[in-house]
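This report refers to the structure that appears directly beneath it.
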Amino acid sequence: MIKLTFKGLKVLQNKIDRSKIRLESVLYNTIENEASYIQLMSALNAPYRTGELRGSQYKRLEERSNNRRVYKIGFKKTYAVYQEFGTGKKFRLNKEYSEFADLALPFKRGTPIISVSPQRYFLHYYVLSRRRINRETKKNVKRLFK
């Protein structure tokens with residue numbers, strides 16, 4: 001009769017469990033930092049005449065099931081999206097914003113009395129942050145399996 005045993009299997013399982021917790025912590029910190037970056041940069045670059053748009057900005061952390069963290073960042077003023085995309089003849093939707101076409105196209109239609117030039121102050125920073133989060137995630141997962 002041959003008997004096989006694996007020594008150190010429990011140690012390996014503990015390392016895997018600790019790595020999962022550590023990776024989760026690093027990724028949550030990255031997401032939190034990027035949410036703060038979006039909030040700061042969009043507030044600094046928001047069009048400023050009366051200060052109402054900047055003053056209407058919000059950032060909320062909404063915790064969901066399965067340890068999921070969701071940040072909601074935006075502006076309460078209804079004209080914020082008009083400022084972001086522009087209206088009428090001055091409307092522009094470049095390649096970076098193509099994923100937001102469904103949201104943006106209604107601002108192109110119609111002939112408003114005053115056309116508004118687009119001010120890229122919000123979604124631009126979201127796109128940049130999403131790229132950084134993807135890079136950080138890949139880097140940390142690779143580091144985990146080294």
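Just so it is clear, the structure is predicted and the values come from calculations on it, not from any experiment.
Counting all heavy atoms, side chain and backbone alike, Ile38 lies closest to Gln57 at O-NE2, 4.3 Å. What you find for Arg54 and Leu44 is that their closest heavy atoms are NH2-O, 3.1 Å.
A cation-pi geometry, defined here as NZ or CZ lying under 6.0 Å from the six-membered ring centre and within 45° of its normal, holds between Arg132 and Tyr37.
With hydrogens and angles disregarded, no donor-acceptor distance shorter than 3.5 Å links the side chain of Gln83 to the backbone of Ala46.
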Criterion ring-ring contact (aromatic ring centres under 6.0 Å, His included) on Phe75 and Tyr121, from CA distance to verdict:
CA-CA 11 Å; Phe75 292 85; Tyr121 67 94; 5.4 Å; yes
Start with the C-alpha distance between Ser36 and Lys59, add both sets of side-chain angles, then the distance that settles side chain to side chain contact (heavy atoms under 4.5 Å, CB included), and finish with yes or no.
CA-CA 8 Å; Ser36 295; Lys59 177 181 132 185; 2.9 Å; yes
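No more than 12 heavy-atom neighbours from other residues, nucleotides or ligands sit within 6.0 angstrom of CG on Asp102.
Legend: residues meeting ring-ring contact (aromatic ring centres under 6.0 Å, His included) with Tyr126, ordered by chain and number and at least two apart, are absent. For Glu52, the salt bridge (Lys or Arg N to Asp or Glu O under 4.0 Å) test picks out Lys77, with sequence neighbours left out. When the side chain to side chain contact (heavy atoms under 4.5 Å, CB included) test is applied to Leu27, the partners found at least two apart in sequence or on another chain are Leu23, Thr137, Asn140. Residues satisfying the ring-ring contact (aromatic ring centres under 6.0 Å, His included) test with Phe100, not counting sequence neighbours, are Tyr97. By the ring-ring contact (aromatic ring centres under 6.0 Å, His included) test, Tyr82 is found to be paired with Phe107, residues two or more places apart in sequence or in another chain being considered. Partners of Arg18 according to the salt bridge (Lys or Arg N to Asp or Glu O under 4.0 Å) rule, which considers only residues two or more places apart in sequence or in another chain, do not exist here.
Atoms NZ and OH, on Lys76 and Tyr58 in that order, are 8.0 Å from each other to the nearest 0.5 Å. For the atom pair Ser129 OG and Ile73 CD1, the distance stands at 8.0 Å (nearest 0.5 Å). Note that CD1 of Ile21 and CD1 of Ile16 are 12.5 Å apart. Values are rounded to the nearest 0.5 Å. The structure places OG of Ser19 at 4.5 Å from CZ of Arg22, a figure rounded to the nearest 0.5 Å. Between the CD1 atom of Ile31 and the CD atom of Glu34 there is a distance of 9.5 Å, given to the nearest 0.5 Å.
Hydrophobic clustering (ILVMFWY, side-chain heavy atoms < 4.5 Å, transitive): Phe85 and Val127 are in one cluster. Hydrophobic cluster membership differs between Leu53 and Tyr48, with clusters built from Ile, Leu, Val, Met, Phe, Trp and Tyr side chains linked at under 4.5 angstrom. With hydrophobic clusters built from ILVMFWY side chains whose heavy atoms lie under 4.5 angstrom apart, Val26 does not share a cluster with Leu61.
Applying the side chain to side chain contact (heavy atoms under 4.5 Å, CB included) test between Tyr71 and each of Arg60, Glu32, Glu62 identifies Glu32 as the sole match.
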